[in-house]
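I have placed the structure first, in the form of structure tokens, so that the comments after it can refer back to it.
Predicted model, so just to flag it, every value in this text is computed and none were measured. Chain letters run A, B, ... following the sequence lines, proteins first, then strands; residues in each count from 1.
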Number of protein chains: 2
Amino acid sequence: MTTEPQVPGVVVERLPQYLRALSHLQEIGLEVISSQQLGEFLQATPAQIRKDLSYFGRFGKQGRGYSIPNLLLQLRRILGLDQTWNVAVVGVGRLGRSIISYPGFEPEGFRVVCAFDSNSQVIGQMAGGLLVNDFANFREVADAEGVKIAIVAVPAGVAQDVIDQLVEAGVKAILNYAPKSTIVPNGVRIQNVDPVVSLQSMTYYLNPHANGEVGEAEA
Amino acid sequence: MTTEPQVPGVVVERLPQYLRALSHLQEIGLEVISSQQLGEFLQATPAQIRKDLSYFGRFGKQGRGYSIPNLLLQLRRILGLDQTWNVAVVGVGRLGRSIISYPGFEPEGFRVVCAFDSNSQVIGQMAGGLLVNDFANFREVADAEGVKIAIVAVPAGVAQDVIDQLVEAGVKAILNYAPKSTIVPNGVRIQNVDPVVSLQSMTYYLNPHANGEVGEAEA
DNA sequence: TAGATTGTTAATCGATTAACAATC
DNA sequence: TAGATTGTTAATCGATTAACAATC
């Protein structure tokens, strides 16, 4: 059944970086780029870039490099970004509202189409142009909207419970803003956005006792 | 000069997860935990937890496990969280404002003490209880406040330029919300918060063509 | 003491990189 | 063609895990 070799997760997580870099390079007028040049731009080795891409096909030309428009097209196809994804936001507090209003999703093909809360004070209100639904109706609303991706912005205490219900309702990918590590079953993806955790690993290196390896960037 | 062995970055990035888990376990009344139990809770192997901790000392007791209060204390010390860190926010647009007002930083020891923008419409305004300073005065204000950590929430187009100036002014750790991969010199840490990139790597697995390894969680 | 669990070593596993034949 | 750069293999590097003596 599988034809492609198994792709390491770490490779998949680099592809959006390549996409972003290539979009930028296209904007500044480049049409072709070598793995060497792209590596310099992204602070990665040329070998890594060639190997990563080789999991998915042969996109380059020897002696020349990669066509930027073509590689963009290929990466978008590989990542499933050649379509628009409808997204639900769960939790319409301060954070949820700012996620709904964040202008960075739409141009990348992620459209927030529905919002949910379980607080009756909030249900029925408008938030960023969306009517806030009762979370109890998640499944039917999400089904009607074709939602497979949810963004969770609820308090830590209820995050696992909310996520369980999302999974139960058929959500396949979750972007979790709740400061809590949560568990999802096989077949469901989750990514946590947690600025505090990001800060906490940097302070390690600010400590004088940390003879830590210096200057390592993180994507 | 070095006494501790060099600690892999991937280990340092797991410590905040341990911290968060242990705080939770303490709240629900536990006082001691084995690497086995903590591993189940965090979906990690007991061997990994023991090895990670062993980079920093011997915190457990054979036959018994780890004292949760003691391990919390040790981890906070190791990560440099036994102090309050003053933080600057750069860029007071929609996103910057919601970062300034985010209530999750203060209880973890990160205090937003100053805010900057370069738009004269915004300079002098109040945002979340802070007066917005001119970014041109970053160095003197940041020095006066003892700021070593900055949170960047500026448009992608100016992110690299702003970050260069922060580095120049002596900032040692940057939490970057601009959707742009940026470069910092050795000795400066950077972590990117980019929800679009997180979504883009999950959509890969939502595609039918992705025979991808299913159910792999990400911290 | 007997049972449990640590801290650490050595083995395994997987990811990165150097090198180079193929080829544009 | 000559020069450049890919795609891929094999070597290296580093992280994870299994196993177990030490010991609470």
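Ring-plane geometry between B:His24 and B:Phe41 is classed as parallel, the angle between the planes falling under 30 degrees on a 0 to 90 degree scale with a further cut at 60.
Taking B:Val167 as the reference, B:Ile163, B:Ile174, B:Val184, B:Pro185, B:Val188 meet the side-chain contact (heavy atoms from CB on, under 4.5 Å) condition, with sequence neighbours excluded. Applying the side-chain contact (heavy atoms from CB on, under 4.5 Å) test to B:Leu73 and every residue at least two apart in sequence or in another chain returns nothing. Scored by the salt bridge (charged side-chain N to carboxylate O under 4.0 Å, His left out) test, A:Arg111 finds A:Glu106 as partners (sequence neighbours excluded). In this structure, the salt bridge (charged side-chain N to carboxylate O under 4.0 Å, His left out) partners of B:Arg14, at least two apart in sequence or on a different chain, are B:Asp52. Partners of A:Glu168 by salt bridge (charged side-chain N to carboxylate O under 4.0 Å, His left out), not counting sequence neighbours, listed by chain and number: A:Arg139. Under the salt bridge (charged side-chain N to carboxylate O under 4.0 Å, His left out) criterion, A:Arg50 pairs with no residue, sequence neighbours left out. Residues forming a side-chain contact (heavy atoms from CB on, under 4.5 Å) with A:Val32 (at least two apart in sequence, or on another chain): A:Arg64. The side chain to side chain donor-acceptor pair (under 3.5 Å) test applied to A:Ser201 returns no partner, not counting sequence neighbours.
Here the OH atom belonging to A:Tyr18 is positioned 6.5 Å from the CG atom belonging to A:Leu53, to the nearest 0.5 angstrom.
Contacts between residues 19-42 of chain B and DNA chain C, defined by a heavy-atom separation under 4.0 Å, are made by B:Ser34, B:Ser35. Residues from residues 57-73 of chain A that place a heavy atom under 4.0 Å from any atom of DNA chain D, listed by number: A:Arg58, A:Phe59, A:Gly60, A:Lys61, A:Gln62, A:Gly63, A:Arg64, A:Gly65, A:Tyr66.
Exactly one of A:Gln36, A:Gln43, A:Gln37 qualifies for a side chain to side chain donor-acceptor pair (under 3.5 Å) with A:Glu40. That residue is A:Gln36.
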>> Once pairs are restricted to Watson-Crick or G-U wobble with both distances under 3.5 Å, how does DNA chain C read as a dot-bracket string, [ ] for crossings and | for other-strand pairs?
In response: ..||||||||||||||||||||||
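Within 6.0 Å of CD on B:Glu31 lie no more than 12 heavy atoms contributed by other residues, nucleotides or ligands.
For the pair B:Ile49 CD1 and C:dT6 P, the computed distance is 9 Å after rounding to whole Å.
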Report each atom pair, protein N/O against N/O of nucleotides 16-19 of chain D, whose distance is under 3.5 angstrom.
from: D:dT16; atom 1: OP1; to: B:Arg14; atom 2: NH1; distance (Å): 3.0
from: D:dT16; atom 1: OP2; to: B:Arg14; atom 2: NH2; distance (Å): 3.0
from: D:dT16; atom 1: O5'; to: B:Gln48; atom 2: NE2; distance (Å): 3.4
from: D:dT17; atom 1: OP2; to: B:Thr45; atom 2: OG1; distance (Å): 3.1
from: D:dA19; atom 1: N6; to: B:Arg50; atom 2: NH2; distance (Å): 3.0

